[in-house]
2 protein chains.
Amino acid sequence: MPTLKDVAKASGVSVMTVSNVVNGRPRVSEATRQRVLAAVEELGYQVNLTARSLRAGRSGTIALSIPRVDHPYFAELAAAVTDALQASGRHLVVEQTGASREGELSALSQARLQMYDGVLLSVVGLKESEVARLHSDMPLVLLGEKPMPLERDHVMLGNREGARLATAHLIERGARRVAIVGGTPKSGNRGMVGMRTAGWRDAHAEVGLVPDERLILPPDHFAMAESRATARAAVDAGLDFDGVFAVTDQVAIGVIAGLHDRGLRVPDDVQVVGFDDLDVSEHLVPGLTTIDPRVDLVVAESLRLLEGRMSGVESAAEHIVTPVRLVVRGTTR
Amino acid sequence: MPTLKDVAKASGVSVMTVSNVVNGRPRVSEATRQRVLAAVEELGYQVNLTARSLRAGRSGTIALSIPRVDHPYFAELAAAVTDALQASGRHLVVEQTGASREGELSALSQARLQMYDGVLLSVVGLKESEVARLHSDMPLVLLGEKPMPLERDHVMLGNREGARLATAHLIERGARRVAIVGGTPKSGNRGMVGMRTAGWRDAHAEVGLVPDERLILPPDHFAMAESRATARAAVDAGLDFDGVFAVTDQVAIGVIAGLHDRGLRVPDDVQVVGFDDLDVSEHLVPGLTTIDPRVDLVVAESLRLLEGRMSGVESAAEHIVTPVRLVVRGTTR
DNA sequence: TTGAAAGCGCTAACAG
DNA sequence: CTGTTAGCGCTTTCAA
């Protein structure tokens with residue numbers, strides 16, 4: 001693998017001149033430039049980014065750490081970040097944390113961080129207190145649906161508002177008993193599940209209803225198979241419900257399958273609303289009514305904050321809640 | 001950010017000794033070790049991986065380059081690689097190429113490669129000849145459904161066999177006119193589309209049928225929306241068909257939606273088989289009959305080959321075609 | 001068991 | 001316009 005030195009030797013100039021040519025800096029005579037470029041071509045020289053990063057202290061790369069890429073919401077987030085980053089000429093790598101404390105800590109280890117100019121971390125496994133304890137001065141913006149320390153920038157969806165919109169829509173379309181699948185009965189839960197359950201309560205309160213606590217159904221894990229099982233079990237147990245707010249689209253897909261397994265039709269017997277507006281949700285039959293999380297806004301805000309941190313100017317941390325919107329399709333009447 | 005030197009100063013030893021302690025090498029007295037570790041703790045020292053990579057020539061990281069993470073097939077592939085890599089203690093980063101020549105070339109640039117110990121590249125945009133021209137000696141294994149230069153390791157699905165299985169299943173279940181959505185009429189196409197179209201022909205030939213060329217439908221891009229439009233257009237044009245082999249599950253989902261838009265029922269009026277067995281396919285209503293690409297096998301073979309390249313022993317390149325299998329669900333009778 | 005020296009490949013700063 | 005010097009943080013080599 002040829003180095004600057006090799007190119008310098010081959011073209012009879014100093015390494016510095018080669019470096020200048022390679023980096024397109026001015027103040028190099030045309031003749032020299034041509035000679036150097038010829039040697040670069042000839043030897044197949046490519047800059048060693050490791051060395052450059054070490055020297056420059058920057059790598060031109062930012063990292064996005066998400067639980068898993070095979071969770072469609074995060075995949076769509078990652079793709080959106082990639083697209084948004086095209087413009088700035090930066091490079092993105094995606095790290096997977098497995099949604100675990102350990103994975104997220106590892107993604108944040110100074111060691112790894114030093115390979116990146118900045119990090120967007122989607123926090124799922126770490127507790128707020130654990131995040132607070134990190135005293136990294138690396139450019140870092142937190143994403144995710146749970147409270148975060150005030151000292152760090154954080155971008156979060158309008159979880160509660162989205163859940164309220166979804167549930168209110170079900171009630172407005174005539175559902176009288178709206179279950180929440182993936183909710184929690186614990187009022188102390190301040191994470192995504194807690195916020196979305198709160199929105200479900202809000203929608204009831206708005207119209208003077210008191211929701212039946214028995215309509216709060218698991219799972220805690222938002223997989224399609226578990227959600228499907230939950231729906232079947234609810235029907236089998238004789239639970240009376242005619243609407244479902246599923247805390248994610250994946251849960252909604254599982255619920256719809258489970259209802260179908262028990263001979264119930266959507267939206268005729270039970271109406272369903274999800275949350276995430278996955279790409280696939282539009283093309284289900286019937287199309288899934290859901291909450292569009294406006295990932296574009298999440299990404300725009302996150303990158304704005306990260307750019308700020310990377311630029312090095314000191315400023316107070318921001319905590320942003322991005323707006324969401326209801327998308328009505330066929331799973332509600 | 002403290003360096004080895006800082007730790008050395010703080011603990012009154014040389015940088016070399018600190019390095020030895022940090023890397024857990026033997027031949028360091030217990031007393032010294034303790035002193036150094038205390039200083040490491042005190043200063044919050046973490047190795048600089050950039051420097052270590054530069055010096056050691058290895059980073060402990062491998063890269064998986066795929067078109068996009070929001071394409072579910074690739075997302076599932078990426079997740080499978082991550083899982084498989086857990087064991088070996090290596091770190092994976094995912095790069096997105098945008099399915100373009102440029103993106104793939106950029107992922108392959110020596111510059112980037114030098115940050116990784118090895119690369120798994122899913123080739124979509126690059127032509128075989130362009131890949132052949134790369135004279136990189138980096139550990140590299142190619143993935144993807146097109147022919148690749150003999151000199152490089154390559155893992156490919158059983159595309160033709162899968163398409164044959166899918167189509168044969170449709171014929172066996174009574175479909176008389178099986179369209180292929182996402183196929184190509186050009187016999188010269190040696191890529192994924194060509195191979196899957198060939199499998200569709202094979203299945204017909206096996207039972208003595210000659211497929212109607214008009215049943216070969218676009219799109220070339222495998223998006224749900226385009227596939228949905230294709231299905232609608234086919235119905236509107238009065239095309240006579242009672243079975244569809246969709247070249248991917250995403251195409252199948254689009255086709256099913258499009259058929260539904262035109263009032264046709266699946267599987268009653270038209271039976272459908274996909275290819276990819278996405279996570280969501282099992283939970284569609286009805287469940288999608290499809291080809292399981294056995295991503296686990298693809299991953300296992302790829303990593304085996306990559307480990308071989310990374311170990312440095314010279315060996316002939318291997319070209320592997322992994323087996324696939326039919327998964328029967330509700331979209332066929 | 002410990003340390004000094006050298007250098008991985010690159011670029012900032014300055015000199016010519 | 002071009003070159004020299006120095007050093008990013010680490011590890012390999014060899015000497016003490």
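Just so we're on the same page: letters track the sequence lines, and every chain starts at 1.
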Check this for me, if you would: do [X] and [Y] make a salt bridge, where the nitrogen-to-carboxylate-oxygen distance has to be below 4.0 angstrom?
X: Asp83(B); Y: Arg68(A); result: yes
X: Arg90(A); Y: Glu307(A); result: yes
X: Arg133(A); Y: Glu130(A); result: no

Heavy-atom count around Glu41(A) CD within 6.0 Å, excluding the residue itself: above 12?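 No, because the 6.0 Å sphere around CD of Glu41(A) holds 12 heavy atoms or fewer from other groups.
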Nearest 0.5 Å, what's the CD-OG distance between Glu104(B) and Ser122(B)?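 Answer rounded to 0.5 Å: 7.0 Å.
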OP1 or OP2 of dT2(C) versus the side-chain N and O atoms of Thr17(B): is any pair under 4.0 Å?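 Checking Thr17(B) against dT2(C): no side-chain N or O falls below 4.0 Å of OP1 or OP2.
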Per-nucleotide protein contact string for nucleotides 7-16 of chain D, where B marks a base within reach and S marks sugar-phosphate only (heavy atoms under 4.0 Å, - for neither): BBBBBB----
With sugar-phosphate meaning primed atoms plus P, OP1 and OP2, does Thr32(A) contact a base, only sugar-phosphate, or nothing at under 4.0 Å between heavy atoms?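 Counting heavy atoms under 4.0 Å across all strands, the contact made by Thr32(A) is with sugar-phosphate only.
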Spacing between Asp6(A) atom CG and dC8(C) atom P, to the nearest angstrom: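 Distance check: Asp6(A) CG to dC8(C) P gives 10 Å.
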